[in-house]
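Structure first, then comments.
In what follows, residues are counted from 1 in the order of the sequence shown.
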Amino acid sequence: MPSVILKKGKDRRLHAGHCWVYAGEIDKITGDPKDGDAVDIRDSKDRFLGRGFLNTNSQITVRRFTMQKEEIDQQFFTHRVEVALEYRREHTSIGDASVFRVVCSEADMLPGLVVDRYGDHFVLQALTLGIDQRKTQIVQVLRELFVPAAIVERSDVPSRKLEGLEETKGVLFGDTTAVVRLQFESFSVEVNLLEDQKTGFFLDQRENYAEVARHCTGKRVLDCFSYHGGFALAAAVADAESVEAVEISEPAVARARKNAELNGLTGKIEFVCANAFDLLKKYDAEKHQYDVVILDPPTFTRTKQNIEGALRGYKEINLRAVKMLSPGGILATFTCSHHIDAELFKSVVVDAAADAKKTLREIKVLTQSPDHPILPAVPETEYLRGLLLQVL
Ligand code: SAH
């Protein structure tokens with residue numbers, strides 16, 4: 001087996017349970033493997049640390065898939081997907097739902113592979129070269145396990161550049177328009193799996209819709225960065241007094257409007273296509289008041305270098321939200337920037353409240369839905385953090 005031999009002392013991360021090998025940690029590569037091939041990972045004393053796929057074009061040069069000496073073949077993929085399914089069925093609230101993330105990359109020990117199930121449609125994302133080269137095999141696995149109507153690829157993610165791959169999308173299997181209707185607990189939505197953001201919907205927020213909606217009955221709700229309206233729809237279904245949804249993308253607003261119509265909620269949600277930063281500033285100046293404000297912005301930084309700028313962004317929107325909340329009002333605030341850890345995020349929100357001369361009470365700490373599992377040894381698997389707070 002071709003091997004990647006690590007430099008002395010560079011095996012600590014793997015021993016601690018992480019699965020990445022960085023280029024700078026490699027002493028030599030033996031056996032002349034090609035990029036994408038399976039390789040053994042060995043420490044400086046030639047001890048076996050696991051097996052994964054090689055990509056010398058990527059800073060993350062090997063991603064470990066297994067700590068056993070086993071073939072990473074179709075049977076391996078089938079087994080890993082079955083393990084992922086069993087976890088969701090047996091140990092999470094996902095149960096036997098028909099819309100959920102089936103495979104979540106490192107968190108399901110399949111680095112670089114994301115598979116979302118949208119009823120009888122499946123969406124595959126290949127984030128690494130190793131996975132990209134095995135797409136046909138993975139499609140076969142999904143067809144055998146689920147007998148889907150269609151499998152759509154959404155590998156149109158900028159991070160593929162880091163792997164030396166182009167962005168790509170299309171239908172891998174089946175004959176489909178890629179437009180599907182999804183039924184969630186309290187509302188349904190329509191999604192275009194080929195065109196909408198991510199793989200179509202933000203499945204990671206699903207449990208939080210219900211969590212936040214519980215506080216919306218009879219209340220004036222402002223949902224910022226609303227995309228297709230997940231929080232706004234849940235709030236309207238929960239009989240909010242009013243719901244305003246703010247989103248910068250025109251197509252997302254159009255879709256959210258359509259979703260409101262689908263759920264018989266036309267007229268119950270006011271949709272505003274605007275930059276939330278500008279609108280929050282304006283509303284603050286005009287002394288608008290809300291009982292519930294939801295802030296679910298896109299990531300403000302993908303790198304450590306940009307943390308300061310990101311923090312300024314979080315501070316600004318949280319400050320405006322806190323200022324506009326009525327006494328006893330609720331703030332549901334999120335960050336999906338992996339580099340903003342829980343402590344940092346909380347401190348920004350606390351700073352914002354202090355500037356607004358208000359006190360916060362923490363109702364609940366929120367996180368990503370359990371179909372986006374977290375491996376404590378792989379911190380990158382935890383990226384969505386939320387706080388449900390009461391403003392006193
Ligand atoms: N809350 C949504 C997901 C939000 S994702 C849900 O649960 O489905 C973040 C959204 O913010 C994206 O739809 C993006 O188009 C939008 N967005 C990005 N920058 C924005 C800005 N400055 N103002 C308003 N919306 C913005």
Side-chain angles (χ1 to χ4, degrees), residues 1-2 19 31-40 50-58 60-66 68-86 88 98-178 180 192-196 198-200 371:
M1 195 70 188
C19 53
D32 202 22
K34 292 193 298 298
D35 282 329
D37 285 357
V39 289
D40 281 353
R51 193 167 277 181
F53 297 135
L54 178 73
N55 184 0
T56 55
N57 289 311
S58 171
I60 303 174
T61 307
V62 189
R63 288 170 209 250
R64 180 169 67 182
F65 277 64
T66 174
Q68 312 296 320
K69 289 182 177 163
E70 58 184 331
E71 284 281 316
I72 310 175
D73 54 10
Q74 191 166 319
Q75 201 186 339
F76 174 92
F77 284 115
T78 301
H79 179 64
R80 280 283 154 91
V81 175
E82 282 171 342
V83 170
L85 271 179
E86 189 188 77
R88 285 155 177 75
S98 69
V99 180
F100 64 100
R101 178 152 291 189
V102 181
V103 173
C104 194
S105 199
E106 275 81 4
D108 286 297
M109 298 200 296
L110 287 169
L113 177 64
V114 171
V115 177
D116 286 343
R117 176 172 185 178
Y118 292 97
D120 62 2
H121 279 57
F122 283 67
V123 181
L124 179 156
Q125 234 172 20
L127 304 172
T128 58
L129 180 71
I131 291 295
D132 197 72
Q133 288 186 352
R134 289 161 181 84
K135 265 186 319 213
T136 315
Q137 231 172 38
I138 293 162
V139 164
Q140 198 53 35
V141 169
L142 297 178
R143 287 184 61 184
E144 282 171 16
L145 287 175
F146 302 101
V147 196
I151 301 176
V152 170
E153 175 173 20
R154 284 302 297 274
S155 301
D156 50 334
V157 280
S159 67
R160 297 238 312 177
K161 266 200 202 77
L162 305 173
E163 290 277 315
L165 296 166
E166 301 281 312
E167 294 186 26
T168 175
K169 63 178 179 177
V171 176
L172 296 177
F173 165 73
D175 184 17
T176 180
T177 60
V180 293
N192 185 328
L193 301 176
L194 273 174
E195 299 304 332
D196 295 341
K198 294 233 240 182
T199 65
D371 49 347

Query raised in the report: Can T176 and V171 be said to form a side-chain contact (heavy atoms from CB on, under 4.5 Å), step by step?
Result: CA-CA 8 Å; T176 180; V171 176; 3.9 Å; yes
Query - Criterion side-chain contact (heavy atoms from CB on, under 4.5 Å) on V114 and L124, from CA distance to verdict - result: CA-CA 6 Å; V114 171; L124 179 156; over 6 Å; no
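Closest non-hydrogen pair, V102 versus R117, comes out as CG2-CB, 3.6 Å. Nearest heavy atoms, V39 versus M1: N-CE, 4.0 Å. When every heavy atom of I72 is checked against every heavy atom of F77, the shortest pair comes out as CG2-CZ, 4.2 Å. Closest approach of E71 to F76, counting heavy atoms only: O-CB, 3.5 Å. Contact record, P111 with C19: CG-SG, 4.4 Å, taken as the closest heavy-atom pair. The minimum heavy-atom distance linking V103 with L113 is given by the pair CG1-O, 3.3 Å.
With sequence neighbours excluded, no residue forms a side-chain hydrogen bond (donor to acceptor under 3.5 Å, both in side chains) with T78. In this view, Q140 and E144 satisfy the side-chain hydrogen bond (donor to acceptor under 3.5 Å, both in side chains) rule, not counting sequence neighbours. With sequence neighbours excluded, no residue forms a side chain to side chain contact (heavy atoms under 4.5 Å, CB included) with T136. With sequence neighbours excluded, the residues forming a side-chain hydrogen bond (donor to acceptor under 3.5 Å, both in side chains) with T66 are E70, listed by chain and number. Here R88 pairs with D108 under the salt bridge (Lys or Arg N to Asp or Glu O under 4.0 Å) rule; sequence neighbours left out. For Q74, there are no side-chain hydrogen bond (donor to acceptor under 3.5 Å, both in side chains) partners, not counting sequence neighbours. Checked against salt bridge (Lys or Arg N to Asp or Glu O under 4.0 Å), R63 has the following partners two or more places apart in sequence or in another chain: E106, E163. Listed by chain and residue number, D132 satisfy the salt bridge (Lys or Arg N to Asp or Glu O under 4.0 Å) test with R160 (two or more places apart in sequence, or in another chain). For Y118, the ring-ring contact (aromatic ring centres under 6.0 Å, His included) test picks out no residue, with sequence neighbours left out.
Both the sub-6.0 Å distance and the 45° axial angle are satisfied by R134 relative to the ring of F53.
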Could you tabulate the donor-acceptor pairs under 3.5 Å formed by side-chain atoms of residues 146-156, not counting sequence neighbours?
unit_1, atom_1, unit_2, atom_2, d
E153, OE1, K135, NZ, 3.2
E153, OE2, K135, NZ, 2.9
E153, OE2, S155, OG, 2.5
R154, NE, D156, OD1, 3.0
R154, NE, D156, OD2, 3.4
R154, NH1, L193, O, 2.7
R154, NH1, L194, O, 3.4
R154, NH1, D196, O, 2.9
R154, NH2, D156, OD2, 3.2
R154, NH2, D196, O, 2.7
R154, NH2, K198, O, 3.4
S155, OG, A126, N, 3.0

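A 6.0 Å sphere centred on CD of E82 holds more than 12 heavy atoms belonging to other residues, nucleotides or ligands.
Atoms CD1 and CG, from I131 and L165 in turn, are 11.5 Å apart once rounded to the nearest 0.5 Å. If you take CD on Q125 and SG on C104, they are separated by 9.5 Å, rounding to the nearest 0.5 Å.
Looking at N55 and T128, their side chains never come closer than 4.5 Å, going by heavy atoms from C-beta outward. In this structure the side chain of V115 never reaches within 4.5 angstrom of the side chain of V123, judged on heavy atoms. No side-chain heavy atom of R64 sits less than 4.5 Å from a side-chain heavy atom of R51. Using a 4.5 Å heavy-atom threshold, the side chains of V180 and N192 count as separate. Looking at heavy atoms from C-beta onward, D116 lies out of side-chain contact with F100 at the 4.5 angstrom threshold.
Residue pairs that meet the side chain to side chain donor-acceptor pair (under 3.5 Å) test with at least one member in residues 165-174, sequence neighbours left out, are K169-E195.
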